[in-house]
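The structure appears right after this line, and notes come after that.
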Amino acid sequence: MKFYFFSTLFSLILFSTVAQIIETPANSILTVKSGITIPDTSSYRINGAAILKLKNSSNILLGLNSGNTILTGQNNVLLGSNSNGTTSAITNSVAIGSNAKVAINNAIILGDTANNAIKVGIGTASPAYRLDVKGVVNMRIGLNSPSLKINGRDFLALDSEGSFLVSNFRIKYDHPNQWSDKVFEKSYPLAPIEEVMAFAIKNRHLPNIPSAQEIVDKGIDINTIISKLLEKVEELTIYTAKQNEEMQALRKRLYHLEKENSEK
């Protein structure tokens with residue numbers, strides 16, 4: 001394998017007038033037409049063809065036409081055919097992959113940004129998404145600063161005590177039955193308030209609500225607990241409405257009793 005590689009390089013140097021395998025001052029360039037050539041007082045020659053000195057420095061260029069836009073940029077790594085900077089002065093940046101383009105300084109670009117089929121895998125040989133990670137992803141952030149943004153908006157952060165803060169999100173359900181509107185259906189088995197209180201006194205939590213120990217042992221889905229809490233609010237609304245009906249009936253009865261007594 002080593003013999004084949006070096007024999008290939010030797011052939012390119014001896015017989016090709018377009019292949020550039022150059023080490024200019026502080027630049028490493030390997031492959032056809034990689035690197036921009038700028039006229040200078042001195043030049044390099046391969047097989048009689050002039051390979052002119054570069055004015056940029058400390059760049060690593062590998063691939064067909066890679067880095068041929070970089071005129072004055074420094075400390076870049078461009079790997080892959082047509083990998084390049086979008087301006088001539090890109091500095092301290094990396095573009096990896098065929099047609100990868102980097103547009104700002106101090107950046108790392110993976111793959112062709114115009115190709116939506118590009119997928120990056122970490123810990124997997126068959127990524128299914130633009131970024132597919134198998135394993136633990138850890139982010140180290142400061143308190144009171146966002147750790148995750150979506151479309152430029154803060155989503156996940158830590159407060160001053162190190163607790164998670166989640167903002168700007170909605171909860172979506174898959175089916176209407178997952179919500180609590182069923183409480184107002186005529187077929188809903190609303191237990192008498194006496195039974196509810198007897199259950200709560202015995203078990204120290206409301207019916208259809210997990211106990212504190214269950215929450216500690218198993219946790220609970222946020223969609224589920226929100227729906228259950230609303231279920232209890234709606235049940236309470238019905239209990240309150242029934243109590244109001246009973247109170248109105250008692251007031252009417254009391255009114256008639258007082259009227260009868262006053263007429264005697």
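This is a predicted model, so every value here is computed, not measured. Values below: all heavy atoms of this structure, side chains included; hydrogens, waters and symmetry mates excluded.
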Single-linkage hydrophobic cluster, 4.5 Å side-chain cutoff, [X] and [Y] together:
X: I122; Y: L79; answer: yes
X: Y188; Y: I209; answer: yes
X: L158; Y: L165; answer: no
X: I222; Y: V216; answer: no
X: Y129; Y: I150; answer: no

Let's go through D154 and S167 carefully: what are the C-alpha distance in whole Å and the side-chain angles of both, what is the deciding distance for side chain to side chain donor-acceptor pair (under 3.5 Å) to 0.1 Å, and is it a yes or a no?
CA-CA 7 Å; D154 292 351; S167 59; over 6 Å; no
Take atom [atom1] of [X] as the centre, draw a 6.0 Å sphere, and report whether it contains more than 12 heavy atoms from other residues, nucleotides or ligands.
X: R130; atom1: CZ; result: yes
X: N151; atom1: CG; result: no
X: K149; atom1: NZ; result: yes

Nearest 0.5 Å, please: how far is [atom2] in [Y] from [atom1] in [X]?
X: T124; Y: D132; atom1: OG1; atom2: CG; value: 5.5 Å
X: T113; Y: I118; atom1: OG1; atom2: CD1; value: 9.5 Å
X: L236; Y: Q243; atom1: CG; atom2: CD; value: 8.5 Å
X: L230; Y: I226; atom1: CG; atom2: CD1; value: 9.5 Å
X: L190; Y: I193; atom1: CG; atom2: CD1; value: 8.0 Å
X: N76; Y: I70; atom1: CG; atom2: CD1; value: 5.0 Å

Among residues at least two apart in sequence or on other chains, which ones pass ring pair (Phe, Tyr, Trp, His ring centres under 6.0 Å) with F199?
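By the ring pair (Phe, Tyr, Trp, His ring centres under 6.0 Å) rule, F199 matches H205.
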Non-hydrogen side-chain atoms of K228 and V233 separated by less than 4.5 Å:
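No - every pair of side-chain heavy atoms lies 4.5 Å or more apart.
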Quick one, D181 and P176 - any side-chain contact, counting heavy atoms below 4.5 Å?
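A side-chain contact under 4.5 Å is absent here.
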Could you go through residues 245-258 and list every donor-acceptor pair under 3.5 Å that involves a side-chain atom there, pairing it with any protein atom two or more places apart or in another chain?
none

Heavy-atom pair of closest approach, residues P210 and E214
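Heavy-atom minimum between the residues: CA-OE1, 3.2 Å.
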If you take all heavy atoms of S227 and S180, which pair is closest and at what distance?
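Answer, listing the atom of S227 first, then S180: O-CB, 3.7 Å.
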Assess, by modelled atom type and distance only, whether the side chains of N177 and K182 contain a donor and an acceptor separated by less than 3.5 Å.
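No, because no side-chain N or O of N177 sits under 3.5 Å from a partner of the opposite role on K182.
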Checking side-chain polar atoms at under 3.5 Å, does N59 have a donor or acceptor matched by the opposite partner on N75?
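Judged by distance alone, the side chains do not pair up.
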Y239 vs E234, test: side-chain contact (heavy atoms from CB on, under 4.5 Å). Steps then yes/no.
CA-CA 9 Å; Y239 289 131; E234 292 181 348; over 6 Å; no
Side-chain donor-acceptor contacts of residues 96-109 below 3.5 Å, not counting sequence neighbours, with atom names and distances?
unit_1	atom_1	unit_2	atom_2	d
S98	OG	S81	OG	3.1
N99	OD1	N82	ND2	3.4
K101	NZ	N82	O	2.8
K101	NZ	N99	O	3.4
N105	OD1	T91	N	2.8
N106	OD1	N92	ND2	3.4

For the pair L206 and E231, evaluate side-chain contact (heavy atoms from CB on, under 4.5 Å) and give the outcome as yes or no after the intermediate values.
CA-CA 11 Å; L206 291 173; E231 175 186 295; over 6 Å; no
Candidate pair L61 and S66, rule side-chain contact (heavy atoms from CB on, under 4.5 Å), full reasoning:
CA-CA 6 Å; L61 314 174; S66 63; 3.7 Å; yes
Quick one: does [X]'s side chain have a donor or acceptor within less than 3.5 Å of a partner on [Y]'s backbone?
X: S93; Y: I90; value: no
X: Y173; Y: W179; value: no
X: Q178; Y: H175; value: yes

I'd like to know whether N68 forms a side-chain contact (heavy atoms from CB on, under 4.5 Å) with N84, so could you lay out the CA-CA distance, the side-chain angles of the two residues, the decisive distance to 0.1 Å, and finally the verdict.
CA-CA 7 Å; N68 59 13; N84 244 314; 2.8 Å; yes
